[in-house]
Every structure is written in C-alpha cells, then in structure tokens.
Visitor: 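One structure, pasted below without further comment.
What you see below is based on every heavy atom in this structure, not just the backbone, and it leaves out hydrogens, waters and symmetry mates.
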Amino acid sequence: MPEAHALHRHARDQREALAGQVLSVTSPQGRFDAAPFDGHLLQDVQAWGKHLLYAFDDAPDVHVHLGLKGFFLRTDDLTLPARGGTRMRLAGERDAFSLIAPSRCEGLDAAARDELIAGLGPDPLRVGEAGREEAAERLAASRAAVGAALLDQSLWAGIGNAWRAELLFLAGIDPTRRVTVEEAALLWDLAVVHLRLGLEAGQVVSDASAPDERWVYKRPTCRRCGSPVKSWTLAGRVAWVCPVDQR
DNA sequence: CGGTCATGCTCAA
DNA sequence: TGAGCCTGACCGG
C-alpha cells in the first residue's frame, strides 16, 4: 500500500485530525525518542513522495518512512492503550495515530529535512501539471531503462512497483527500454491523473471505471487482450508486462 | 502453525 | 546482487 497516493492520504488525514493541536507524543516500543516533540504544537503534516514530514513548534521535524511493512492505526478512543510494538503514537484532542513497523521514524533538523527533500524528484501529487516539463526531461535523460528509472525516487518521487506496472501498461511502453521526452510526459500525465484517483480511493486505481481491477500487476493474463503477462525481476522488483500491448 | 511473499529501502560485498 | 528489516496476509500441511 505505501506508495505516494497512500502517503498523501495519511498526511491529509493526520493534518485534518491533529494539526494546530498540542500533541502527546510517545514511543510505547521505546525505539523512538519522543521527548523533543511531546507537548509541542503540530503545525503541519506533509507528504513528499513516500516520505512523511511533521512540522512542530520549537522542535525538529519528524520524518517517517513506512518502507514495505509500516502502517498507521487510528483511534478516537484516547484511553485505549497503544498496541505492542508501536514506534510512535501521536495523540491530539480527539484522535490518536499509532505508527507500527516503519523503516524510518526520526527527528530531522532543518538542514537534514531540506537535504531529504532536495534529493527527491518531482512528486506527481505535489507539483502536478506544473512540474510536467521538468519531470519529463528528468526521466528521459536517465540512462537506465524506464522500468528502473520510474522506481528511482531522485528522478520522480512516489512511484512504486504497482504504479510502475500499471502506468507503463497505460502508456503502452516496454519497461526494458528508454523513453523519449514525449513518452515521459505521457507517463507523467498518467501518473498525475491516476495517483490523484488513488489518493481519493485509498488504493491503486488504473481504470477509473473499475477501481479494484489491474491491467497487468500480479495478473496471469492481460486484462485488455488476454495475453499471458510476462513477469521477471527488473531493478530488484517483479515487473509485470503485457508483451502485446507494451512495446 | 511454519514458510513465503510484499505497493520499500539501505547497506555490505 | 542479496540479506536484512521483523509485520501482516496468505497458503499448504
């Protein structure tokens, strides 16, 4: 689940529930030092690609990355004890969020936060159409195959394995080759539209009329033409490709 | 109930 | 390139 659309959804949910409030910040598991943030006012929560940044008054930022396995639990019963293994618990006036099994949860000073953001490419949910030209040029300039380039967070921020499979299918592009600037711009447009749909739906959406369906991702056959889907490891992740519809 | 895999990423080799 | 991270979902016995 944790690709950019999911992280932007977490940011929105937590911003609406907690921003502007003085939070109780704890680490029931003990693996996160919550003291610098406990009792401080949360100004904002923002997603940058797959990263979450929490801005506090008079404290560093908190940086969260869910990795493959991280997730949040939400409750409106503030008396409920956090489940075991909760790395960070953020409690406001009416809601509490528990962070479980993240790959990163740490304080970040302003310089480190700026460095993190500077190392990320454009995020389709953050710059949208305004970032189209720069995003297309960055992706097309990469020497890597487009299937590897799309997963490189310094080129574009927020695309993961499921979006890679589905966006390349929608664009009709074979992941093993490179792309022109025009093809990269088409991929960007597809990403902007579909990640937005995914943000609202809370899942990957590659067909607005069938939000629960996928074209090739984890499928034995292509949903459009029925051809057997080819799958193999590309850039460390399993690629799913229709050999007929993607050239 | 054990084994495997996963919409991610880092680090060692 | 592969192990590790150390959770949850799923599957077969």
Visitor: Write down the distance between CZ (A/Phe71) and C1' (B/dT7), rounded to a whole number of angstrom.
Guide: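 For the pair A/Phe71 CZ and B/dT7 C1', the rounded distance is 15 Å.
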Visitor: Can you find a side chain N or O atom of A/Arg237 that sits less than 4.0 Å from OP1 or OP2 on C/dT1?
Guide: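 Checking A/Arg237 against C/dT1: no side-chain N or O falls below 4.0 Å of OP1 or OP2.
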Visitor: Using only side-chain N and O atoms of A/Lys50, determine if any of them is under 4.0 Å from OP1 or OP2 of B/dC9.
Guide: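 Looking at the OP1 and OP2 atoms of B/dC9, one of them is under 4.0 Å from a side-chain N or O of A/Lys50.
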Visitor: Compare the minimum distances between each of B/dC9, B/dG8, C/dC6 and the side chain of A/Arg87, then state the nucleotide with the smallest one.
Guide: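 Of the options given, the side chain of A/Arg87 lies nearest C/dC6.
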Visitor: Could you give the CZ-to-P distance, from A/Arg83 to C/dG8, as a whole number of Å?
Guide: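 These atoms are roughly 4 Å apart.
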Visitor: Counting any heavy atom closer than 4.0 Å, what does A/Arg214 reach on the DNA or RNA strands: base, sugar-phosphate only, or nothing?
Guide: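 Answer is nothing: A/Arg214 stays at 4.0 Å or more from every strand.
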Visitor: Please name the residue in the list A/His63, A/Gln153, A/Arg104 that meets the side-chain hydrogen bond (donor to acceptor under 3.5 Å, both in side chains) test with A/His51.
Guide: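 That would be A/His63.
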Visitor: Both A/Val238 and A/Arg104 contact DNA chain B. Taking the nearest nucleotide for each, which residue is further toward the 5' end?
Guide: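 Its nearest nucleotide being more 5', the pick is A/Val238.
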Visitor: Roughly how many Å is it from CG in A/Leu66 to C1' in C/dT7, rounded to a whole number?
Guide: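 To the nearest whole Å, that distance equals 12 Å.
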Visitor: For atom C1', what is the distance between B/dC5 and C/dG2, given to the nearest Å?
Guide: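 B/dC5 and C/dG2 have their C1' atoms separated by 16 Å.
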Visitor: Atom CG of A/Leu168 to atom P of B/dT7: distance rounded to whole Å?
Guide: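 So the two atoms are 15 Å apart, to the nearest Å.
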Visitor: Tell me: NE2 of A/His51 to C1' of B/dG8, nearest whole Å?
Guide: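 Checked: the NE2 to C1' distance equals 10 Å.
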Visitor: Could you measure between the two P atoms, the one in B/dG3 and the one in C/dG4, and give it in whole Å?
Guide: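 It works out to 15 Å between them.
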Visitor: Taking the six-membered ring for Trp, are the ring centroids of A/Tyr54 and A/Phe97 within less than 6.0 Å of each other?
Guide: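 No, they do not, as the ring centres are separated by 6.0 Å or more.
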Visitor: Any base atoms under 4.0 Å from A/Gln203, or only sugar-phosphate, or nothing? Heavy atoms, all strands.
Guide: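 Nothing, no nucleic acid heavy atom in range.
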Visitor: To the nearest Å, give me how far apart CD (A/Glu106) and C1' (B/dC9) are.
Guide: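 Whole-Å distance recorded here is 13 Å.
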Visitor: Could you give the CH2-to-P distance, from A/Trp156 to B/dG8, as a whole number of Å?
Guide: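 Whole-Å distance recorded here is 16 Å.
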Visitor: Can you tell me how far C1' of B/dT7 sits from NE2 of A/His5, to the nearest Å?
Guide: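 The distance from NE2 of A/His5 to C1' of B/dT7 comes to 7 Å, rounded to the nearest Å.
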Visitor: Is the shortest side-chain N/O distance from A/His65 to OP1 or OP2 of B/dC9 below 4.0 Å?
Guide: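 For B/dC9, OP1 or OP2 has a side-chain N or O of A/His65 closer than 4.0 Å.
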Visitor: Is any side-chain heavy atom of A/Val146 closer than 4.5 Å to a side-chain heavy atom of A/Leu187?
Guide: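 Yes, their side chains come closer than 4.5 Å.
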Visitor: Say we look at C/dG8 and B/dT10: how far apart would their P atoms be, to the nearest angstrom?
Guide: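 My reading of the P atoms in C/dG8 and B/dT10 gives 23 Å.
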Visitor: Decide whether a cation-pi geometry holds between A/Arg224 and A/Trp215; the criteria are a distance under 6.0 Å from NZ or CZ to the six-membered ring centre and an angle within 45° of the ring axis.
Guide: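 Because its charged atom sits under 6.0 Å from the ring centre and within 45° of the axis, A/Arg224 does stack over A/Trp215.
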Visitor: Is there a side-chain contact between A/Phe169 and A/Cys222, using heavy atoms and a 4.5 Å cut-off?
Guide: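 When only atoms from C-beta onward are counted, A/Cys222 and A/Phe169 do touch, with a gap below 4.5 Å.
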